[in-house]
Novice: 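Attaching a single structure in structure tokens format; questions to follow.
If you're wondering where the values come from, they're calculated on a predicted model, not measured in any experiment.
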Amino acid sequence: MKYLDEFRDPSIAKALIGRIRSSASRLSRSVKIMEICGSHTVSIFRSGIKSVLPPNVTMISGPGCPVCVTAMEDMDRMISLACGEERDSHIIATFGDMIRVPGTVTSLEREMASGADVRVTTSPLDSLLWAEENPEKEIVFLGVGFETTSPTVAAVVKRAKTAGLANFSVYPAFKLLPPALEALLDGGDVAIDGFLCPGHVSIMLGAAAYRPFSSKYQKPCVVAGFEPLDILLGISMILDQLLNDKHEVGNAYSRAVSEDGNQNAMSLLLEVFQPCDAPWRGLGVIPSSGLGFNDAFMAFDAVERFGLAAVPTGSDPPECACGEVLRGVTSPPECPLFGLGCTPDMPIGSCMVSSEGSCAAWFKYSGGG
């Protein structure tokens, strides 16, 4: 534990907090820093960072939680496989909290309770094992996540092709981070002074991926890990840039993130998938922000195999403010459903589902609204 303890050292944290407060006092204006990733949101709450920041520095959550941003239509399509006439011929597999994300009428969790074969896994490789063990059934993996996760699924699809597994497919609900940031900034409905960029996605993308946002949009971008000292250092580096009227890419996580990222993983990703327009919950369709199959791997596309594009879908409840929360326009407690109709035990909006969702984090660490 010595290695982790070094990134939670109280004396270093105290020094960084002092540096942050000093920079903030000299800025003489209010600033909003967006922590893009839900893991940062949780760490900021859990470590108490939010409570020690000066009053003129506000952290706002961004659209970096894959559970939160998966669109209603994607859930409805997957749920249709779990509750349709051919329910018994499918095994639905996905990561953790995805089974709790509400569709228009029901969820995968509710369908599982009524008898559907829905399986949660931490590794998409399990899906291949289930495909081999159940040749009479179709195994459909709901693939979600950002650049951190999707290369792993691409590797699994390649392995399925090599093994000749004809009863395995993937519903590609993946997301790409840079197009979402561009859409946020082009939207212009929230003032963002800088970005605290996620460590794990940046391991794949590389710090250079944020250069367009520092140059074109003139926003400081600093990559940070998820330990308290990583985050405090990242915030301090952003404030230093603002203080000196700079807008550059900084790296407070150089022990893991390089300038160019993991090019092998990104090449594998683009061998199997290609960028496509994708729907985001509460944000609408963002151009080139998702991943669809390349022609060579189209046989593994669940959307094509089961005609899922024709499945009817609905929309988020009108009172739900997940879209505004994901854009940083609204804080979770400002949503009329927060802590009332919508709680982690009974989520209405997707931001209340995952522990990394901004609404769930607010609920847990702020006393439930």
Side-chain angles (χ1 to χ4, degrees), residues 1-9 12-13 16-17 20 33-50 53 59-69 95-96 122 144-153 174-181 184 192-214 219-241 248-266 269 326 328 354-358 361:
M1 291 300 291
K2 181 175 183 296
Y3 186 71
L4 277 181
D5 290 343
E6 291 173 345
F7 293 94
R8 299 172 182 176
D9 187 306
I12 300 176
L16 285 170
I17 293 167
I20 287 170
I33 299 172
M34 174 173 278
E35 85 268 6
I36 301 166
C37 176
S39 297
H40 272 153
T41 301
V42 171
S43 187
I44 287 169
F45 272 107
R46 187 165 52 200
S47 61
I49 289 176
K50 204 173 187 69
L53 292 178
M59 303 299 297
I60 54 176
S61 301
C65 167
V67 176
C68 300
V69 299
F95 297 122
T122 56
V144 300
F146 290 86
E147 289 87 344
T148 319
T149 310
S150 43
T152 304
V153 181
F174 306 107
K175 299 292 186 290
L176 299 174
L177 185 60
L181 298 186
L184 267 180
I192 301 171
D193 294 288
F195 287 108
L196 191 70
C197 303
H200 41 27
V201 169
S202 303
I203 290 173
M204 296 297 180
L205 285 175
Y210 304 103
R211 217 162 293 288
F213 305 103
S214 63
K219 304 294 182 185
C221 299
V222 175
V223 178
F226 300 102
E227 292 300 323
L229 296 190
D230 291 323
I231 295 171
L232 288 171
L233 177 59
I235 294 171
S236 176
M237 291 171 68
I238 291 172
L239 294 179
D240 285 346
Q241 287 197 44
E248 300 171 344
V249 175
N251 188 355
Y253 198 35
S254 58
R255 66 184 184 278
V257 174
S258 66
E259 180 72 3
D260 297 324
N262 189 331
Q263 293 296 312
N264 290 334
M266 297 307 292
L269 176 68
L326 290 167
S354 168
S355 60
E356 295 190 351
S358 51

Novice: Taking side chain as C-beta onward, heavy atoms only, is I12 less than 4.5 Å from L232?
Specialist: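 Not touching, per the 4.5 Å side-chain cut-off.
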Novice: Would you sort out whether Y253 and C197 count as a side-chain contact (heavy atoms from CB on, under 4.5 Å), showing the intermediate values?
Specialist: CA-CA 10 Å; Y253 198 35; C197 303; over 6 Å; no
Novice: If I take atom CG from residue L177 and atom SG from residue C37, how far apart are they, to the nearest 0.5 angstrom?
Specialist: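 Here the interatomic distance stands at 9.0 Å.
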Novice: Do R211 and E259 sit within salt-bridge range, that is, some charged N less than 4.0 Å from a carboxylate O?
Specialist: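 A salt bridge links R211 with E259.
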Novice: Is the F146 to H200 ring centre distance short of 6.0 Å?
Specialist: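 No, they do not, as the ring centres are separated by 6.0 Å or more.
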Novice: I need the C68 SG to K175 NZ distance, nearest 0.5 Å.
Specialist: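 Rounded to the nearest 0.5 Å, the SG-NZ separation comes out at 11.5 Å.
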Novice: Is any side-chain heavy atom of K219 closer than 4.5 Å to a side-chain heavy atom of L181?
Specialist: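 The answer is no; the side chains never approach within 4.5 Å.
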Novice: Less than 4.5 Å apart, any side-chain heavy atom of N262 and any of E147?
Specialist: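 A side-chain contact under 4.5 Å is absent here.
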Novice: Mind listing the closest non-hydrogen atom pair of V222 and G234 along with its distance?
Specialist: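 So the minimum-distance heavy-atom pair works out to CG1-CA, 3.7 Å.
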Novice: Under the criterion side-chain contact (heavy atoms from CB on, under 4.5 Å), I'd like the reasoning laid out for R255 against D230: C-alpha separation, chi angles, the key distance, then a yes or no.
Specialist: CA-CA 11 Å; R255 66 184 184 278; D230 291 323; 2.8 Å; yes
Novice: Which heavy atom of C221 sits nearest to which heavy atom of S214, and what is that distance?
Specialist: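 Closest approach of C221 to S214, heavy atoms only: SG-N, 4.3 Å.
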Novice: Which value, rounded to the nearest 0.5 Å, describes the distance between N264 atom CG and M266 atom CE?
Specialist: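 Separation between the atoms: 11.5 Å.
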Novice: State the CG-CD distance between D9 and E227, to the nearest 0.5 angstrom.
Specialist: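 One finds 12.0 Å between CG of D9 and CD of E227.
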Novice: Could you give me the CA-CA distance, side-chain angles and deciding distance for L53 and I44, then say whether side-chain contact (heavy atoms from CB on, under 4.5 Å) is met?
Specialist: CA-CA 10 Å; L53 292 178; I44 287 169; 5.7 Å; no
Novice: Indicate yes or no: at least one non-hydrogen side-chain atom of E35 is less than 4.5 angstrom from one of S61.
Specialist: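 Yes; the side chains approach each other to less than 4.5 Å.
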Novice: In Å and rounded to the nearest 0.5 Å, what is the CD1 to CD1 distance from I235 to I20?
Specialist: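 So the CD1 of I235 and the CD1 of I20 are separated by 5.0 Å.
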Novice: Would you check if L205 and Y210 make a side-chain contact, meaning some heavy-atom pair closer than 4.5 Å?
Specialist: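 L205 reaches Y210 side chain to side chain.
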Novice: Identify the heavy atoms of S358 and T41 that sit nearest to each other, and give their distance.
Specialist: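 Closest heavy-atom pair between S358 and T41: CA-CG2, 4.3 Å.
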Novice: Go through I231 and H40 one step at a time and tell me if the side-chain contact (heavy atoms from CB on, under 4.5 Å) criterion holds.
Specialist: CA-CA 8 Å; I231 295 171; H40 272 153; 3.8 Å; yes
Novice: Taking S43 for its side chain and S39 for its backbone only, find out whether a donor-acceptor pair lies under 3.5 Å.
Specialist: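 No; zero donor-acceptor contacts below 3.5 Å.
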Novice: Of all heavy-atom pairs between V144 and T149, which one has the smallest distance, and what is that distance?
Specialist: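 So the two residues come closest at O-CG2, 3.6 Å.
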Novice: Within a strict 4.5 Å, meaning less than it, do heavy atoms of the M59 and L196 side chains meet?
Specialist: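 Yes, at least one pair of side-chain atoms sits under 4.5 Å.
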Novice: Can you see which heavy atom on A209 is nearest to which on P212, and at what distance?
Specialist: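 Closest pair (atom of A209, atom of P212, distance): O-CD, 3.3 Å.
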Novice: P228 and I49: which non-hydrogen atoms are nearest, and at how many Å?
Specialist: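 What the structure gives for the nearest pair is O-CD1, 3.8 Å.
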